Amino acid sequence: MAALIYLLALSGSATAKIVANTSLHPSVDPSIAAEIIVGEPLDGFVSFSIEFASFPDFAGNSSTPNKFSNNLLNNLGYLTGTKPYIRVGGNTQDYAIYNPNLTIALKGTVNATRSPDYPTTIEIGPSYFDSYTTWPNVKFSHGFNMGGNHDDRQWATLIQTAAIACKTLGKDKLYWWEYGNEPDLFPTSAQGPVRPANWNESDYVAEWLVATRAIKGVITETCPDLLGNDTYGYLAPSFAGIGNNLKAPRAWADGLNTDGTVRYFSTHNYISGATSPGVTLQGTLMNHTRTRSSVDTHVSEFAQISPSAPGLRQIMGETNSLYNQGKPGLSNSFGAALWGIDFNLYCASVGIGRVHMHMGTNYRYASWQPITTDLAVVGTKAPYYGNIAVAAFLGNLRIEPVRIAHLDLSSNSEGGNSSDSAVGVQDAAYGAYVDNALTRIMVINMRAYNYTLNGTGNLDTKNPTPRKTRTYSFGVNGFPNGREALVRRLYANGSDAITGITWDGLSYNYELDLGKPVRLRNVTAGERVRVKNGVVEVRVPDSQAVVLDFGAV
Ligand SMILES: *[C@@H]1O[C@H](CO)[C@@H](O)[C@H](O)[C@H]1NC(C)=O
Ligand SMILES: *[C@@H]1O[C@H](CO)[C@@H](O)[C@H](O)[C@H]1NC(C)=O
Ligand SMILES: *[C@@H]1O[C@H](CO)[C@@H](O)[C@H](O)[C@H]1NC(C)=O
Ligand SMILES: *[C@@H]1O[C@H](CO)[C@@H](O)[C@H](O)[C@H]1NC(C)=O
Ligand SMILES: *[C@@H]1O[C@H](CO)[C@@H](O)[C@H](O)[C@H]1NC(C)=O
Ligand SMILES: *[C@@H]1O[C@H](CO)[C@@H](O)[C@H](O)[C@H]1NC(C)=O
Ligand SMILES: *[C@@H]1O[C@H](CO)[C@@H](O)[C@H](O)[C@H]1NC(C)=O
Ligand SMILES: *[C@@H]1O[C@H](CO)[C@@H](O)[C@H](O)[C@H]1NC(C)=O
Ligand SMILES: *[C@@H]1O[C@H](CO)[C@@H](O)[C@H](O)[C@H]1NC(C)=O
Ligand SMILES: *[C@@H]1O[C@H](CO)[C@@H](O)[C@H](O)[C@H]1NC(C)=O
Ligand SMILES: *[C@@H]1O[C@H](CO)[C@@H](O)[C@H](O)[C@H]1NC(C)=O
Ligand SMILES: CC(=O)N[C@H]1CO[C@H](CO)[C@@H](O)[C@@H]1O
């Protein structure tokens, strides 16, 4: 509540309404400002989690670095002032067994019964770690194998890889360590249980403390310069979710942080599953109500821990749209990019400090495909454009820290007002405050507009379905008449588009300049809007996101 009252005292605080351009004209709700909540993102808020087994594909190695990936990371770094933090982990970190004689980086065997998308039997060799050297100015967390995969080399792997990882990463490249991915699923994992059914929080904590102390022992011998509080610590507990056998608050109460080594409370989230019944783009992803409730469960969970952990920040250590690597046509679509903006900014507004969007080679929800394989062509994917829009909205977090306010549009959202719970809210808006002043507004119109899909007539040039445009009005108290905002749009032909996406007229596609921004001539940029009588209005077509930037003019 303290933050709320403070925010309302800021100059130019925003109230919001959407006036839909249809026969329905929802009224303005003057009490909306009272619902504003606010959070402060950490630097590198837009970050990634890369599947352990896919990391060599994404990063390359010192003789063949993946320059495309590096360009995409640089684009985000230029916008937010810090290149994304990279968490190297995921299910495959708990399968990785070290073989000092392996001459290739990683040898993986896919067992389609366990997962068709990644190897479930893995050896890594010394050259795996060479992939940590290819991207300048990037910090990494290395995920150690806790699950073990029923391989008796697990403990030897831990000791040997701790030495190599600490030497390779050193102070400049080390973010934090991680021991175990989603251990709350170890007794029940769909890819094969690795702990007995009665394995509980105190068992987990006991194992975690023994192993992290062993890692510390190796670092003491091998990398003694990495033992300070600013260099030695963990992302933990990296649980998969809220409703599993093991509960994070219980693990915390059972002494997870006994050694004071948990640097970020890392939690994982997916909105739903790739093959879960009833999943749709509009209902599951382009649905602010759904996104909000999904994130709010994590906020409530952390509220059970934070009173006993002053200063500890919560991060999304691994997250994306639909678990099991995403659903084709949904997770790789422009609609998922819009979802990603809403998800990330809602996280920022409720105090989640950093969001690591997960990806792996051939994953449907990946921001980019790092190499060409039998299953997917190298390229920048739709979700990446959502990452760019978030980064641009946040601005340079090192020079100008921002606070992000969630502007509640629920009582004004045509086709989805707060009393229509079957639909959910399909508009989202956020305010970015720099030095206590409203500086940018993000508007996300998440009404699906199908461009190519059957049944909508959009490919039938005789009978195209028109794309509606809504007008969003924001009260900006204290801004004089005529004050201008630059308008930047995240554009695609429809929510189902998987190509042809631009941010402010720029393409980051692989085939143009290896992921570096290229201005396209067929999309306009440089549009401005003006404040009139304390209100700024912007028109946003269905399936588009727009940033109004008062600081750029
Ligand atoms: C590695 O190769 C050496 C020499 O062939 C052999 O002695 C050693 O047992 C091998 N180690 C492993 C872990 O396979
Ligand atoms: C480095 O990557 C290239 C290209 O993928 C590969 O041919 C080479 O074997 C790799 N080097 C090592 C040491 O793994
Ligand atoms: C693949 O995984 C299934 C389920 O764990 C197992 O029964 C089967 O033996 C595995 N196949 C191979 C070839 O390892
Ligand atoms: C967890 O399991 C262990 C061993 O099975 C048992 O001793 C302990 O009491 C259990 N702890 C909780 C919190 O249930
Ligand atoms: C490092 O962190 C631990 C645990 O939070 C604390 O007890 C200790 O005083 C810190 N050391 C320094 C040098 O700040
Ligand atoms: C949007 O999400 C809410 C909350 O989960 C749900 O009640 C509603 O049915 C969803 N909308 C659609 C169209 O599925
Ligand atoms: C809000 O939703 C309710 C229930 O669907 C509907 O009756 C009402 O007309 C809607 N109001 C607006 C302003 O859209
Ligand atoms: C878009 O296409 C899907 C699949 O054909 C359909 O279910 C949905 O109703 C369409 N949405 C719109 C807004 O036309
Ligand atoms: C579109 O229609 C064609 C022909 O009826 C059909 O084969 C295809 O599966 C449909 N695609 C989608 C996405 O519904
Ligand atoms: C987007 O629509 C424009 C205009 O209809 C068309 O020229 C362009 O090819 C479309 N792009 C894609 C990727 O479908
Ligand atoms: C602009 O051109 C690009 C590349 O030719 C294309 O993919 C995109 O769909 C076009 N956009 C529009 C709005 O026509
Ligand atoms: C406020 C607004 O954008 N109004 C427009 C709604 O759409 C009609 C055409 O359908 C326009 O004439 C209005 O200007």
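Values below: every heavy atom of this structure, side chains too, minus hydrogens, waters and symmetry copies. When a ligand or atom number is given, it counts from 1 through the structure's own listing order. Owing to the predicted nature of the structure, the values given are computational and were not obtained by experimental measurement.
- Salt bridge annotation for Asp184-Lys247: absent, with no cationic side-chain nitrogen under 4.0 angstrom from a carboxylate oxygen.
- Asn387 CG to Asn75 CG: the interatomic distance, rounded to the nearest 0.5 Å, is 11.0 Å.
- A cation-pi contact links Arg114 to Tyr95, judged by a cut-off of 6.0 Å to the six-membered ring centre and 45° from its axis.
- Scored by the side-chain hydrogen bond (donor to acceptor under 3.5 Å, both in side chains) test, Tyr491 finds Asn493 as partners (sequence neighbours excluded).
- Within ligand 10, the atoms closer than 4.0 Å to a non-hydrogen atom of Thr499 are 13 (C), numbered from 1 in the order shown.
- The N/O atoms of Asn493, backbone and side chain alike, include one that comes under 3.5 Å of an N/O atom in ligand 10.
- Remark: the Ser47 side chain and the His356 side chain contain no N/O donor-acceptor pair separated by less than 3.5 Å.
- In this structure, Leu73 CG and Ile86 CD1 are separated by 5.0 Å, a value rounded to the nearest 0.5 Å.
- Residues satisfying the side-chain contact (heavy atoms from CB on, under 4.5 Å) criterion with Ala525, sequence neighbours excluded, are Asp504, Arg519.
- Set against the non-hydrogen atoms of Gly500, the atoms of ligand 11 under 4.0 Å away are 7 (O), 8 (C), 9 (O).
- Within 4.0 Å of ligand 4, contacts by protein heavy atoms are made from Asn200, Ser202, Asp203, Arg250.
- Checked against side-chain hydrogen bond (donor to acceptor under 3.5 Å, both in side chains), Asp513 has no partners two or more places apart in sequence or in another chain.
- Checked by distance only, ligand 11 and Asn522 come closer than 3.5 Å through their nitrogen or oxygen atoms.
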